[in-house]
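Have a look at the structure below, then the notes.
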Amino acid sequence: MNAFTSCNPATAEVVFTRPGWSRDQLDHTLDRLKAAQSRWASLPVAQRAEHLLQLATQLEAHREQLAALVTLEVGKRTAECLAEIDKSAQLIRYYAELAPTLLAPQAIPTQASQSGVAFEPLGCVLAVMPWNYPIWQLLRFAVPALMAGNTCLVKPAPSVPQCTQLLLELVRAAGLDCLDIAWIDHELVEEAIRRSDAVAFTGSTHTGRIIASLAGKHLKKTVLELGGSNPFIVLADADVEAAAQDAVNSRFRDAGQSCNAAKRMIVVPEIAEAFVSAFVEAASQLRPGDPRHPATTLSPLTRGDLREALHAQVMDACHQGASLLLGGQLPPPPGFFYPATVLDHVNASCRVYHEEVFGPVASILRARDEADAIRLANDTPFGLGASIYTADTAHGWELARQLEVGSVFINRHTSSDLRLPFGGVKASGYGRELSEFGLYEFVNVKTYWQK
């Protein structure tokens, strides 16, 4: 069975297939990783860091080749793919510097003669990964887990086999035997969970619930980074032009296929018309085309079924009273393109009000006032990130504390920073990646006490 098949999103042509694994192949790989884990964990953290730095060197040496495969299989623009590779290499260098200090045992004074905590690996961690950032998200999970002394087994998304295979080859070229790829379909995921020591998942809330249920059945620690419907709040004193441009940059990067992008633009009456006008004008300048071409500013969606689901959400919004200001038309073949689309006056009857929108579609919600803007921002199942635009940053901080999200950005669109924790609440998941908090997710914080 060809469990892994990639299409070129710009042409809809199948470009690669590979068969999935049998149960025996999964078992053999897990046996090998479990045996390798004790050897890997026995190395000092600084020595593990040196090994992983070799992977950063490999990424930088093969960045164009790797980015080309991400463009081919995901459809992202070349510049976006190169940025993904570069950030992944930066992630390795960040943890290589940080981990030896943060993972060192800590003495804690008590009535004992000696007491404290040590940070020890859990074992072999399974990761079920998505397709939209196939290099960054895999390494965002794996690098801190490996630094902590775990081994990692990664199940990639079925649509990105070539870039995943090249990444594995770079891992091997770096001399690392502590990470491997599980070429399995969904039928073997529970067995992989049962035999692993912890689980990380990045993807949809629907699938996250399934993964969490299976992990709970086998009592395995989980970290879930799920969907987002991030509010982008523009207050009356905001720089409207700057806010509109930031909103467009966030909403339409990577063809809108990012959980952490701005999704719902929430505007107060004083600036609503000016913002909507500036937003539509900026969005109308985006140009779809070959993602390899520098002039292209809007890439295709990754798969045809994703485009159909997106269009159904747009049509539902129009039927429920939203105003279609831009886009919303299915383009002719070839490829899985969808135009930059803007929906105004989105209301609670629309699916896009409640559901995550994964594509180049922006929803504009008109608040009655500032308090109503906060209500609308929180009136969602999701809780990943949010943005607030205001000239009064002290007031922005006050409002930020009222938002039910994992991160708030003031006068900037949502993003991730290696030095800050990344994750959400509510249906956006639990646990944190990046920063020191991500380093501690897959460790046993073990207490030591001596009389």
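FYI, the numbering just counts along the sequence from 1. What you see is a predicted model; the values in this text were computed from it and never measured.
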Salt bridge or not for [X] and [Y], using N-O below 4.0 Å?
{"X": "Arg23", "Y": "Glu191", "answer": "yes"}
{"X": "Lys34", "Y": "Asp197", "answer": "yes"}
{"X": "Glu169", "Y": "Arg172", "answer": "no"}
{"X": "Glu436", "Y": "Arg419", "answer": "no"}
{"X": "Arg93", "Y": "Glu60", "answer": "yes"}
{"X": "Glu80", "Y": "Arg253", "answer": "no"}

Minimum heavy-atom distance [X]-[Y], with the two atoms named:
{"X": "Val14", "Y": "Cys7", "result": "CG2-SG, 3.8 Å"}
{"X": "Ala118", "Y": "Tyr448", "result": "CB-CE1, 3.6 Å"}
{"X": "Cys81", "Y": "Val70", "result": "SG-CG1, 3.5 Å"}
{"X": "Phe279", "Y": "Ala247", "result": "CE1-CB, 3.6 Å"}
{"X": "Val361", "Y": "Leu343", "result": "CG1-CD1, 3.9 Å"}
{"X": "Ala340", "Y": "Leu326", "result": "O-CG, 3.5 Å"}

Between the main-chain N or O of [Y] and the side-chain N or O of [X], is there a donor-acceptor pair closer than 3.5 Å?
{"X": "Lys220", "Y": "Ser196", "result": "yes"}
{"X": "Thr296", "Y": "Leu298", "result": "no"}
{"X": "Asn230", "Y": "Asn260", "result": "yes"}
{"X": "Trp40", "Y": "Leu146", "result": "yes"}
{"X": "Thr341", "Y": "Pro339", "result": "yes"}
{"X": "Ser115", "Y": "Gln111", "result": "no"}
{"X": "Thr29", "Y": "Gln25", "result": "yes"}
{"X": "Arg264", "Y": "Leu365", "result": "no"}
{"X": "Thr414", "Y": "Gly385", "result": "no"}
{"X": "Lys426", "Y": "Thr380", "result": "yes"}

In Arg18, Glu13, Glu73, the residue satisfying side-chain hydrogen bond (donor to acceptor under 3.5 Å, both in side chains) with Ser6 is Glu73

Going by heavy atoms in the side chains, are [X] and [Y] under 4.5 Å from each other?
{"X": "Glu308", "Y": "Leu301", "answer": "no"}
{"X": "Pro156", "Y": "Leu138", "answer": "no"}
{"X": "Thr302", "Y": "Asn132", "answer": "no"}
{"X": "Leu126", "Y": "Arg195", "answer": "no"}
{"X": "Leu310", "Y": "Pro360", "answer": "yes"}
{"X": "Leu439", "Y": "Tyr95", "answer": "yes"}
{"X": "His51", "Y": "Leu43", "answer": "yes"}
{"X": "Leu69", "Y": "Val160", "answer": "no"}

Taking the six-membered ring for Trp, are Phe141 and Phe442 parallel (under 30°), tilted (30 to 60°) or perpendicular (over 60°)? perpendicular

Yes or no on side chain to side chain contact (heavy atoms under 4.5 Å, CB included) for Cys163 and Leu166, after CA distance, side-chain angles and deciding distance? CA-CA 5 Å; Cys163 52; Leu166 178 55; 5.7 Å; no

Ile211 and Val128: side chain to side chain contact (heavy atoms under 4.5 Å, CB included), yes or no, with the steps? CA-CA 9 Å; Ile211 296 292; Val128 181; 4.3 Å; yes

Distance only, no hydrogens: is a donor on one side chain within 3.5 Å (strictly under) of an acceptor on the other, for Arg292 and Thr78? no

Does the side chain of Glu190 pick up a donor-acceptor pair with the side chain of His218 at under 3.5 Å? yes

Is His354 atom NE2 crowded by more than 12 heavy atoms from other residues, nucleotides or ligands, each under 6.0 Å away? yes

Evaluate whether atom CD of Glu97 has more than 12 neighbouring non-hydrogen atoms of other residues, nucleotides or ligands under 6.0 angstrom away. no

Please lay out, stage by stage, how Glu225 and Arg432 fare under the test salt bridge (Lys or Arg N to Asp or Glu O under 4.0 Å). CA-CA 8 Å; Glu225 198 275 277; Arg432 291 297 181 265; over 6 Å; no

What is the distance from atom [atom1] of [X] to atom [atom2] of [Y], rounded to the nearest 0.5 Å?
{"X": "Gln37", "Y": "Arg32", "atom1": "CD", "atom2": "CZ", "result": "12.5 Å"}
{"X": "Leu324", "Y": "Cys318", "atom1": "CG", "atom2": "SG", "result": "4.5 Å"}
{"X": "Phe232", "Y": "Ser250", "atom1": "CZ", "atom2": "OG", "result": "7.0 Å"}
{"X": "Leu418", "Y": "Arg140", "atom1": "CG", "atom2": "CZ", "result": "10.5 Å"}
{"X": "Thr202", "Y": "Leu226", "atom1": "OG1", "atom2": "CG", "result": "8.0 Å"}
{"X": "Gln313", "Y": "Asp316", "atom1": "CD", "atom2": "CG", "result": "8.0 Å"}

Begin from the C-alpha positions of Leu434 and Ser416 and carry the test side chain to side chain contact (heavy atoms under 4.5 Å, CB included) through to its verdict. CA-CA 8 Å; Leu434 303 178; Ser416 64; 3.9 Å; yes

Trace of the side chain to side chain contact (heavy atoms under 4.5 Å, CB included) decision for Asn249 with Gln245: CA-CA 6 Å; Asn249 292 342; Gln245 189 59 62; 3.1 Å; yes

Take Asp86 and Gln90, measure what side-chain hydrogen bond (donor to acceptor under 3.5 Å, both in side chains) needs, and give me the verdict at the end. CA-CA 6 Å; Asp86 293 342; Gln90 293 167 8; over 6 Å; no

Test side-chain hydrogen bond (donor to acceptor under 3.5 Å, both in side chains) applied to Thr222 and Tyr430, step by step: CA-CA 8 Å; Thr222 54; Tyr430 50 76; 2.8 Å; yes

